[in-house]
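Remarks on the structure that follows.
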2 protein chains.
Amino acid sequence: MTSTPAQSFDWNALASEFAGIETITEPTQVAKLSLDYYHFSPVLQPLLEDKRGNLVVRPQTEAEVLQVARICVKHKVPLTIRGAGTGNYGQCIPLHGGVILDTTRMNGIRWIKRGKTCVEPGVKLAAFDKQARKIGWEWRMVPSTYRSATIGGFIGGGSGGIGSINYGQLRDRGNLLAVRVVTLEDEPRVIELRGDDVQKVNHAYGTNGIITELEVPLAPAYAWVEVIVIFDNFITAAQFGQALGDADGLVKKLISIHAHPIPTYFSGLKQYLPDGKHGALLTIAESCLEPFQELVREYGGEITYQKSAQDGSKGTSLAEFTWNHTTLHARSIDGTLTYLQTFFFTLERVEKLYDHFGDEVMMHLEFLRVNGQAIPAGLQLVRYTTEERLNEIIRYHEEQGAFIANPHTYILEDGGRKTIDVEQVQFKEQVDPYGLMNPGKMRGWEERE
Amino acid sequence: MTSTPAQSFDWNALASEFAGIETITEPTQVAKLSLDYYHFSPVLQPLLEDKRGNLVVRPQTEAEVLQVARICVKHKVPLTIRGAGTGNYGQCIPLHGGVILDTTRMNGIRWIKRGKTCVEPGVKLAAFDKQARKIGWEWRMVPSTYRSATIGGFIGGGSGGIGSINYGQLRDRGNLLAVRVVTLEDEPRVIELRGDDVQKVNHAYGTNGIITELEVPLAPAYAWVEVIVIFDNFITAAQFGQALGDADGLVKKLISIHAHPIPTYFSGLKQYLPDGKHGALLTIAESCLEPFQELVREYGGEITYQKSAQDGSKGTSLAEFTWNHTTLHARSIDGTLTYLQTFFFTLERVEKLYDHFGDEVMMHLEFLRVNGQAIPAGLQLVRYTTEERLNEIIRYHEEQGAFIANPHTYILEDGGRKTIDVEQVQFKEQVDPYGLMNPGKMRGWEERE
């Protein structure tokens, strides 16, 4: 068990120790900076809604981060790191109060070279792309929250997104080149991790080191076109998605397939998604549009929307209707909806589960690469009734051979990983011996004690 | 049957009709411009060695091509198109004499945009890349003969190469955007083919139209590093190649694996390929080198050579030891060697065939993408004895489920395609009603008559 500071702890006195560092103690702001989008899950909602940090610090430099670390260790208070708080499973919600380290003031871009960059953790994904595209590069993958999300938060709590159809997931070797982390030892220090060693802190919810700098590979920035294609039949739409994923000659960045009635939740796209149709929301390289249209024809689809690369930043962004933004839009219409995160691996399994659950689990596919192959994954929308039924649905998926990255738990290992990552736990032993970082999230650590 | 012009035909008179167009009648030069690297095949050698065109024309413009077409139709003489003549199965060798149209004077680059280009057929692949890389682009794939080969020749008679690990083969939808072709009708005209229609002339050995302009997609030009990795065990080297092909986070352009004793034929690389070792010749994005080294470590390989992107154009190019340049180097040491072109699809099959044939068929793998998956293909070196034994070897491969693109035939359909492409035959009926273009190569046409 991780100790929660005594009720009597003098947080104002602590705040004064952060002299020179931006500190927030105003309760409304602290509350806002304690939470994320955990409320997508009716299971997490009651567990996390009252969780609050005691104060927020916003260091601007690695030296200030070291100062924060030193103070937290001295007083043995929990420290929870957050970026923009766009996660969905309480990754950055402090279970035991304490200090919240908001990284958004550390938003410097150290350099952008051919194929890679070195940035501070608080750099916003969309803002960075604007800079990088000037010299022909962009992030390899971004979440649908890319307008506000930070790179540090994405690495700490994300897994993949738009672009994963080309580069797989963040965890895949090569998608994170190096990190600098500040430790919470008696005398905090900076450690640089490179090569496979980055996996020690990659997707660890900030439980074992404060990332202060990241070296991340970049992708070539094509002129991207956003396209909506509609289909009469869902399975045909899914097959089209797979075929596009497998088409080596067609460059794409996003293949997002939505079974009816999901498109009806996309108010902003109503005119392009006629009722009853199933929709494919896509990002395609402009240079590939002509052969892409042949593929659409082959599958009997109809292109209803196309936004050119030049108009890329104008108006609606299709990407903001995909991945977990699909859930956001659907929940804005029907707040009882929740979702799952599923690796189907094959279209046969997609079809089976689509037929089995009907309207209760609405099929939303996102294609991505896993071990070199484009596979259907998804963030299906679930008509939530009870936690028991939700678990039944999850179990049925698993029995059918699908892999569920459960978004209804805030425990690191119970989400996508399923097993304790010994290396991450060992690294935590080294850099956070007092277990102060984001306590209660890493099962491998909690059970060890 | 295609008619061969009568012995008495007055070629000098014909030559004079090509007024204003560069024309070659000098026999040594005509002989040189009649042949390709067919001699890699001991089967083709006796069949093709005495084949000659009667004269060579080198038009510089589409208008001149129209003029050549008009004259050939008028006299009903065969017309065979060639680029640099770097093919290996006599694709451009005239079986029935006639006029050879050398495209190398049509080497204009119309434009290079983000992700695509429009060029004339005689543009040399390497020369183009030098231009395109200035603005961050390059060909998606090139053969190992890229220093001399032309884009028109590659499209007409090639199939894939360095870069196919990312984009598949030339035949894959999206790898050729448009072509303009001059017909051999009574009144020759220019036809533009776009979308899937390009397949009518793609890899048709110039049997159905003279390509005068091509629109081809481009790939982003990474800073590429050439690397040699050695292994004690061939199967480990092959598994490493597959793992690299499947590694979504590692950007590569070439994965070429050579079982011992093939590396002993690479005199120029001797110091990097110690005797007894199996070698991987690779091209990797510079930005991915660090995580790439972790993969090498995982498979117990040893990096013996690395040439940085800056030194890319200096000295030896590793690419020129791969694909069919492997055969070229081996044959320069042992002229009795020949080769096969094989799609193994799985490593299990590679291992089985490796064990079965031992030293008689030396394993040379090239990984490439087929329908979205990195698969092992290869251009194995064969210790040739008789044609009968060669066919036995081919048959055994096919019985084991491998696909052989037979390089010992000059017949279009008997090489890689195996079936008659009805669309290509029909297009020939339309644009070459007299069957003048590269006669004797397209079985679907010959058998139709």
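Heavy-atom basis, side chains included; hydrogens, waters and symmetry copies ignored. In the text below, chain A, chain B and the rest are named by the order of the sequence lines, each starting its count at 1.
- Of the inter-residue distances, the one linking B:Leu250 atom CG with A:Tyr167 atom OH reads 11.5 Å to the nearest 0.5 angstrom.
- Nearest heavy atom pair, residue B:Ser287 against residue A:Gly115, reads CB-O, 3.5 Å.
- Ion pairing between a basic and an acidic side chain is recognised when a charged N comes within 4.0 Å of a carboxylate O; A:Arg194 and B:Glu290 show such pairing.
- Between the A:Arg140 side chain and the B:Gly249 main chain, a donor and an acceptor come within less than 3.5 Å of each other.
- Using a 4.5 Å cut-off between heavy atoms, B:Val198 does not touch chain A at all.
- Note on B:Leu218, B:Asn371, B:Asn175: by heavy-atom pairs under 4.5 Å with chain A, the leading option is B:Asn371.
- Neither the backbone nor the side chain of B:Leu170 has a heavy atom closer than 4.5 Å to any heavy atom of chain A.
- Residues A:Tyr222 and B:Pro220 form a side-chain contact, since some pair of their non-hydrogen atoms from C-beta on lies under 4.5 Å apart.
- No other option in B:Gly245, B:Gly195, B:Gly136 has as many heavy-atom pairs under 4.5 Å with chain A as B:Gly195.
- For B:Arg173 and A:Glu298, the salt-bridge test passes: some basic side-chain N is under 4.0 Å from an acidic carboxylate O.
- Of the residues considered (B:Lys116, B:Arg114, B:Gln293), B:Arg114 shows the highest number of contacts with chain A, using heavy-atom pairs under 4.5 Å.
- Side chain of B:Asp248 to main chain of A:Gly372: a donor-acceptor pair is present (N/O by atom type, distance under 3.5 Å, no hydrogens or angles).
- To the nearest 0.5 angstrom, B:Glu294 atom CD is 7.0 Å from A:Asp197 atom CG.
- The contact between B:Ala223 and chain A is made by backbone and side chain atoms together, counting heavy-atom distances below 4.5 Å.
- Of the residues considered (A:Val251, A:Asp196, A:Asp172), A:Asp196 shows the highest number of contacts with chain B, using heavy-atom pairs under 4.5 Å.
- Per-residue counts of heavy-atom pairs under 4.5 Å with chain B were compared for A:Pro291, A:Ala221, A:Pro217, A:Ser164; the largest is that of A:Pro291.
- For a residue to count as touching a neighbouring chain, one of its non-hydrogen atoms must lie under 4.5 Å from one of that chain's; by this rule A:Leu176 does not touch chain B.
- With chain B as partner, the option from A:Glu286, A:Gln169, A:Gln373, A:Arg369 having the largest number of non-hydrogen pairs under 4.5 angstrom is A:Arg369.
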